[in-house]
There are 2 protein chains.
Amino acid sequence: MADTDVVRRFNRTYTQRIGALDESFLGLGLPLGLARLVFEVGTSPDGLTALGLRSRLGLDSGHLARQLRSLEERGLVDVRPDPADRRRRVVALTRSGWALRDRLDARSERLAARLVEPLTERQRARLTEALATADLLVRAATVDIRTVDPTEPAAVEAMDSYFAELDRRFPDGFDPGPAEVGDMVAATGGAFVLATSDGGPVASGGIRSLGPEVGEIKRMWVHDEWRGAGLGSRLLRHLEATARDLGHRTVRLDTNRTLTEAIAMYDRAGYRPIERYNDNPYAQAFFEKALDCEVPEGGDKVRRP
Amino acid sequence: MADTDVVRRFNRTYTQRIGALDESFLGLGLPLGLARLVFEVGTSPDGLTALGLRSRLGLDSGHLARQLRSLEERGLVDVRPDPADRRRRVVALTRSGWALRDRLDARSERLAARLVEPLTERQRARLTEALATADLLVRAATVDIRTVDPTEPAAVEAMDSYFAELDRRFPDGFDPGPAEVGDMVAATGGAFVLATSDGGPVASGGIRSLGPEVGEIKRMWVHDEWRGAGLGSRLLRHLEATARDLGHRTVRLDTNRTLTEAIAMYDRAGYRPIERYNDNPYAQAFFEKALDCEVPEGGDKVRRP
DNA sequence: GCCATTCTCTGACTCTAGTCAGAGAACGGC
DNA sequence: GCCGTTCTCTGACTAGAGTCAGAGAATGGC
């Protein structure tokens with residue numbers, strides 16, 4: 001059975017059986033749309049702006065305005081202007097809004113429990129393992145990878161996580177020093193690539209020029225919770241393509257000896273060890289890869305030179 | 001993370017990302033309901049009765065009548081009385097109905113392909129394996145197990161499959177003989193338990209009385225495609241509960257030596273070998289279990305005596 | 001302070017799904 | 001042939017989701 005057949009078959013099964021979990025939103029006297037809103041507003045303790053709600057749920061502004069009023073009339077939410085920008089409105093759950101959300105939550109929990117309940121313990125463990133794997137991979141597959149301005153908030157957040165992790169992992173800690181990523185990119189005509197999921201950064205990496213035809217991949221980072229989903233390889237491929245677009249024919253990178261998974265990944269992707277090419281005190285391993293071979297069609301495999 | 005958390009988290013991921021597969025039904029100028037109907041009618045080359053459609057999709061009869069007429073007006077289906085029972089109406093796709101279905105199908109295929117496309121080959125294989133496992137287990141968890149009249153069509157179908165399989169597996173074939181299940185159940189005050197999924201039989205088994213307090217489990221069968229989903233154990237538990245309701249304190253069963261998985265399952269469920277208690281020529285192994293221990297609360301594990 | 005832009009709201013719609021009661025045709029057992 | 005049952009259809013609804021145009025308030029750059 002082809003991959004797509006499995007996906008489609010699962011989809012069918014799923015919408016018929018677990019899909020009913022969504023209906024947990026029904027039956028509390030609230031139409032589905034309003035219940036979804038309550039649930040979504042409740043994901044943030046301090047409330048959300050109407051704009052944020054609209055982008056999360058993809059609603060029309062008129063529609064949302066009406067829905068919010070309806071919730072307000074039922075005493076479930078407070079809607080008030082955002083003090084920082086009074087065009088915006090901030091929506092927060094009231095006490096009884098929270099109570100309702102708890103009931104929705106309990107309902108959803110019960111339905112999930114009812115789904116796994118008939119299974120034996122062994123089967124249940126298999127199911128949850130399969131679902132967790134599928135969850136990770138589906139999320140990974142739908143990650144959005146693109147070149148961004150390194151000063152935008154999500155990019156800065158990504159870099160902060162990166163530095164924090166290096167500081168944890170390196171035996172003597174890590175100090176990024178004064179050279180910020182933005183400067184690096186701006187000064188050397190490079191690019192910064194960010195992978196996001198649900199708006200939050202999950203992986204990132206930069207490219208800077210070492211010379212006319214030589215690029216350097218810097219600061220590749222993958223969020224802890226996203227390891228093992230092939231995100232690193234995809235990001236690397238994306239960075240290589242970006243480097244090619246920038247006119248490079250070779251890319252280099254350096255890394256710390258302690259980052260063993262990263263080194264294994266570079267090896268799989270066709271990178272070969274070279275001599276030290278800079279004086280980065282945190283790097284002990286240096287790699288290079290020629291970009292002149294086109295990535296093969298549909299390309300997951302990277303041809304080795 | 002608890003089992004239900006995994007299910008719920010997955011549910012969230014899923015409805016956000018793969019859920020869009022359903023929307024493949026949109027965008028061909030047909031509202032979702034009608035598209036679903038076209039798809040459903042197209043699952044059977046000769047068409048379906050309106051009744052069948054209603055039970056599959058859970059629609060109101062008035063609603064369905066209107067939807068069918070709308071499809072008829074668009075030239076997508078033919079609706080005509082069932083020659084066998086002219087109260088019923090048979091719905092079949094027209095040529096352009098089939099063409100539309102093909103387009104819906106292609107759309108769904110493309111969306112599925114787009115989902116797996118970003119993954120590396122390795123990740124893709126992991127994903128499809130996880131989804132296939134989840135599919136089997138979710139289906140298994142939502143199987144409907146109940147006591148039925150053994151003469152009803154699904155029950156007869158189950159028994160036919162059972163006999164056909166024995167005939168394939170036994171070295172010398174198998175001949176059910178004149179004693180039909182229905183007779184057996186009726187004559188001895190037993191019961192027939194059927195497990196169905198989507199209306200089709202997936203497992204079954206019978207109980208008959210051997211004496212006032214002794215029941216016998218007969219003809220347990222699990223559909224080939226449903227092996228490995230714990231369905232046998234669940235059916236067995238159900239049969240035991242049924243036997244208890246019939247007043248039995250002990251159940252026996254016999255089986256053929258070649259059915260090794262079944263024997264292993266009986267062992268796990270607490271059955272112990274006993275001496276031959278009948279002259280069934282196809283049986284070489286005989287088991288018994290005392291029912292007086294209550295099944296523990298929430299019970300998946302069967303306590304061993 | 002002006003003005004284009006951003007954000008929200010209102011009014012006036014459309015579409016789809018779905019419910020309910022009841023009529024009429026066909027069927028099956030007697 | 002009668003009569004209760006089964007199956008489908010019609011009419012008359014309701015509710016929810018969503019679209020679109022335009023008004024009005026607040027903001028930020030100049």
Could you state the atom-to-atom distance from [atom1] of [X] to [atom2] of [N] in whole Å?
{"X": "Arg54(B)", "N": "dA17(C)", "atom1": "CZ", "atom2": "C1'", "result": "16 Å"}
{"X": "Leu68(A)", "N": "dA17(D)", "atom1": "CG", "atom2": "P", "result": "13 Å"}
{"X": "Leu64(A)", "N": "dG16(D)", "atom1": "CG", "atom2": "P", "result": "17 Å"}
{"X": "Leu32(A)", "N": "dG18(D)", "atom1": "CG", "atom2": "C1'", "result": "14 Å"}
{"X": "Gln67(B)", "N": "dT19(C)", "atom1": "CD", "atom2": "C1'", "result": "14 Å"}
{"X": "Leu59(B)", "N": "dT16(C)", "atom1": "CG", "atom2": "P", "result": "16 Å"}
{"X": "Asp60(B)", "N": "dA17(C)", "atom1": "CG", "atom2": "P", "result": "13 Å"}
{"X": "Arg80(B)", "N": "dA25(C)", "atom1": "CZ", "atom2": "C1'", "result": "19 Å"}

Which nucleotide sits closest to the side chain of Pro31(B): dC9(C), dA17(D), dT16(C)?
dT16(C)

Closest to side chain of Leu51(A), choosing from dT8(C), dT8(D), dA17(D)
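Ranking dT8(C), dT8(D), dA17(D) by closest atom to the Leu51(A) side chain puts dT8(C) first.
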
Looking at side-chain heavy atoms only, is the closest gap between Arg101(B) and Leu76(B) below 4.5 Å?
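When only atoms from C-beta onward are counted, Leu76(B) and Arg101(B) do not touch, as no gap falls below 4.5 Å.
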
Hey, are the side chains of Val202(B) and Arg139(B) touching, using non-hydrogen atoms and a 4.5 Å cut-off?
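No, side chains not in contact.
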
Is there a side-chain contact between Arg89(B) and the phosphate of dA25(C), meaning an N or O under 4.0 Å from OP1 or OP2?
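Looking at the OP1 and OP2 atoms of dA25(C), neither is under 4.0 Å from any side-chain N or O of Arg89(B).
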
OP1, OP2 of dA17(C) versus side-chain N and O of Arg66(B): anything below 4.0 Å?
no

Only one of His223(A), Arg219(A), Glu157(A) forms a side-chain contact (heavy atoms from CB on, under 4.5 Å) with Tyr162(A), so which one is it?
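Single pass found, and it is Arg219(A).
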
Just call it for Gly62(B): base, sugar-phosphate, or nothing, with non-hydrogen atoms closer than 4.0 Å on any strand.
base

Should the side chain of Thr49(B) and the base of dC7(D) be counted as holding a donor-acceptor pair, with the cut-off at 3.5 Å?
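Check fails, no donor-acceptor contact within cut-off.
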
Detail all sub-3.5 Å separations between protein N/O atoms and N/O atoms belonging to nucleotides 25-29 of chain D.
from, atom 1, to, atom 2, distance (Å)
dT27(D), OP1, Arg86(A), N, 3.0

I need the [X] [atom1] to [Y] [atom2] distance, nearest 0.5 Å.
{"X": "His238(B)", "Y": "Thr147(B)", "atom1": "NE2", "atom2": "OG1", "result": "4.5 Å"}
{"X": "Leu59(B)", "Y": "Glu40(B)", "atom1": "CG", "atom2": "CD", "result": "9.5 Å"}
{"X": "Arg56(B)", "Y": "Leu48(B)", "atom1": "CZ", "atom2": "CG", "result": "5.0 Å"}

Return the minimal non-hydrogen interatomic distance between Trp221(B) and Ala158(B), and the atom names on each side.
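What the structure gives for the nearest pair is CZ3-CB, 3.6 Å.
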
